J.: 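I have a structure I would like to understand better, so I am pasting it below and will then ask my questions one at a time.
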Protein chains: 2
Amino acid sequence: MDKADILIIDDEIQMQKLLEITLQSNQYRVSHAATAKEGMMTAASHQPDMILLDLGLPDEDGHKVLQRLREWYTNPVIILSVQSSEEDIVKALDNGANDYLVKPFRTRELLARIRSALRSSFSEENTPVLTCEDLQIDLSARTVKRKNEFIKLTATEYNLLSLFVRHEGKVLTHQYLLREVWGPGYINQSQYLRVFIAQLRKKIETDPNRPEMIITESGVGYRFVCKES
Amino acid sequence: MDKADILIIDDEIQMQKLLEITLQSNQYRVSHAATAKEGMMTAASHQPDMILLDLGLPDEDGHKVLQRLREWYTNPVIILSVQSSEEDIVKALDNGANDYLVKPFRTRELLARIRSALRSSFSEENTPVLTCEDLQIDLSARTVKRKNEFIKLTATEYNLLSLFVRHEGKVLTHQYLLREVWGPGYINQSQYLRVFIAQLRKKIETDPNRPEMIITESGVGYRFVCKES
DNA sequence: TTTCTCTTTATAAAATCTTTATACATCCGT
DNA sequence: ACGGATGTATAAAGATTTTATAAAGAGAAA
């Protein structure tokens, strides 16, 4: 991934345009939404790397939106608001916002704060190349090699594997995996998971019938173990 | 760890006092330094969870200090400065600062920004591992090791063990265990407990016939004792 | 179209939970 | 010490839930 995908949730057309131009001219990919409802849906479907959220949306209270977003969305959220009261700022930050800028803001400062927020969220998951037995996973290039041969993974397969890699050793519940890969509306579709786990195993395990990397934790979820070589 | 350890690097005595009182009354542990040199040394020796850095230090340029700090220090750094120029802010953020507040700042906002920065840095790395003799229980990964080998526990077995671990040393009644693991409708199914206790012992005790970890309290319940090593 | 991927359905296999059966232990009054 | 009452341990059969996998259908992109 070269540049991040940023979702703008703001109802003012002018602000949207300004942000879009600013961000795109800095090579970010941009999507936008004008209402809370639309914003939540786009966030779920696009899984953006960051959200810029205006607190003054027409259809719902901004703090409420942030709270609901934070129930499942873990990437950075920066608040842009005309509200400059300490109360609003404290509330937003405590509801899980990573930063808060008062409108009108300075463009270069916004860009710097975006870089800062992205940096700290990416640094944790940033192990450029992970090696497990004969498997090499390059998260920044989105590629997977097995015995030095590139493996072809579909988008969903890769998303799943990347989650496993970033939480190596931990048991990831069905709920969690479904929410992260398919979105919060799919947490009951355990069958999807089974199908894709089977496909992944076929592609990365030495013996798919006796999996050693993706371990089943029956009734709970799956666990990825990485025997480093 | 309950509350974070914060290092204040600021040469103004008044500011130091203000910050110290504010932070301590919010249960943070505080250390301080009045010069860049002292700050670097304290940071290295104390390994604080966060640094509040004033850019206007007497002995060295603040941006330089930040850069040198970031060569090895990975926890959050928040800049507190009288400089409010966009240039300074952008530079500091790009040098690795997590946030930038202009003095004079609002106290509650500072506290909220501290919480926000700590939240995002602590979320991943916190892995409390409990060790009892040759047993290691990682509650956040939901895994159990014995003699450094993963043990396979079923969901129910794990739930039971996790209850014991979280109430180490206390007698847990049959009622309580049944209610917590199976639900309130099962408080009379003592036989379930016996079956699962036997299975757990087979998996974690050195000699299941002479249990040393899961102790029977006849007529009452069971007690988990943890000989830490 | 053709190809690729995701979704859905079907079914067999595996794992887990529940239930039953039986043996053992301990306490207590005689 | 004996016998009964109560409580516990364990194995193993059975029922149920969960998982693995193939394969067909749907939909989108080349």
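As the structure is a prediction and not an experimental result, all values here were calculated from the model. Convention: sequence-line order gives letters A, B, ...; per-chain numbering from 1.
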J.: Between atom OH in A:Y186 and atom P in C:dC6, what is the gap in whole Å?
T.: 12 Å
J.: Rounding to a whole Å, what distance do you find between A:E157:CD and C:dC6:C1'?
T.: 10 Å
J.: Kindly give the heavy-atom pair with the smallest separation between B:Y28 and B:L111, and that separation in Å.
T.: CE1-CD2, 4.4 Å
J.: Under a plain distance cut-off of 3.5 Å, with no hydrogens placed, do A:H63 and A:D88 share a side-chain donor-acceptor pair?
T.: yes
J.: Check A:D5 against A:V30 and note the closest heavy-atom contact, atom names and distance.
T.: OD1-N, 4.5 Å
J.: Regarding A:R142 and A:N159, do their side chains bring together a donor and an acceptor under 3.5 Å, going by distance alone?
T.: yes
J.: Test your reading of the model: is there a side-chain donor-acceptor pair from B:N98 to the backbone of B:V77, 3.5 Å cut-off?
T.: yes
J.: To the nearest angstrom, how far is A:Q189 atom CD from D:dT19 atom C1'?
T.: 16 Å
J.: Nearest-Å distance, CG (A:N188) to P (D:dT18)?
T.: 12 Å
J.: Measure CG/A:L153 against C1'/C:dC4 and give the value in whole Å, please.
T.: 14 Å
J.: Would a distance-only check, ignoring hydrogens and angles, find a side-chain to backbone donor-acceptor pair under 3.5 Å from B:R29 to B:K3?
T.: yes
J.: Between B:W182 and C:dC17, is there a side-chain N or O to OP1/OP2 distance below 4.0 Å?
T.: no
J.: Return the value, rounded to whole Å, for the distance between atom CZ of B:R210 and atom P of D:dA9.
T.: 15 Å
J.: Under 4.0 Å between a side-chain N or O of A:T156 and OP1 or OP2 of C:dC6?
T.: yes
J.: Take the protein atom OH of A:Y192 and the nucleotide atom P of D:dT19, then report the distance between them rounded to whole Å.
T.: 17 Å
J.: Test of understanding: with salt bridge (charged side-chain N to carboxylate O under 4.0 Å, His left out), list the residues that count as partners of A:E12, not counting sequence neighbours.
T.: A:K103
J.: Near DNA chain C, counting only heavy atoms under 4.0 Å, which residues of residues 161-181 of chain B show up?
T.: none
J.: Quick check on contacts: within residues 211-222 of chain B, what sits under 4.0 Å from DNA chain D by heavy-atom distance?
T.: B:T216, B:S218, B:G219, B:Y222
J.: Between A:E149 and A:K145 (salt bridge meaning N to carboxylate O under 4.0 Å), is one present in this structure?
T.: no
J.: Run the salt-bridge test on B:E157 and B:K152 with the 4.0 Å N-O cut-off and return the result as yes or no.
T.: no
J.: If the cut-off is 4.0 Å, is B:S190 near the phosphate of D:dG7, judged by side-chain N/O to OP1 or OP2?
T.: no
J.: Is it true that atom OH of A:Y186 has more than 12 heavy atoms of other residues, nucleotides or ligands lying nearer than 6.0 Å?
T.: no
J.: Picking from C:dT8, C:dT18, C:dT5, which would you name as closest to the side chain of A:K152?
T.: C:dT5
J.: All N/O contacts under 3.5 Å from nucleotides 21-25 of chain D to the protein, with atom names and distances to one decimal?
T.:
residue: D:dT21; atom: OP1; partner: A:N209; partner atom: OD1; Å: 3.2
residue: D:dT21; atom: O4; partner: A:Q191; partner atom: NE2; Å: 2.6
residue: D:dA22; atom: OP2; partner: A:K202; partner atom: NZ; Å: 3.3

J.: Could you state the OH-C1' distance from A:Y158 to C:dT5, rounded to the nearest angstrom?
T.: 18 Å
J.: Can A:D207 and A:R210 be counted as an ion pair, charged N to O under 4.0 angstrom?
T.: yes
J.: Show every side-chain hydrogen bond (donor to acceptor under 3.5 Å, both in side chains) that has at least one partner inside residues 211-226 of chain A, sequence neighbours left out.
T.: A:R201-A:T216, A:E217-A:R223
J.: Any salt bridge between A:D59 and A:K37, counting N to O under 4.0 Å?
T.: no
J.: Using five base pairs at each end, measure the axis-to-axis angle across the helix from C:dT1-D:dA30 to C:dT30-D:dA1 and round it to 10 degrees.
T.: 20°
J.: Assess, by modelled atom type and distance only, whether the side chains of B:S190 and B:R194 contain a donor and an acceptor separated by less than 3.5 Å.
T.: no
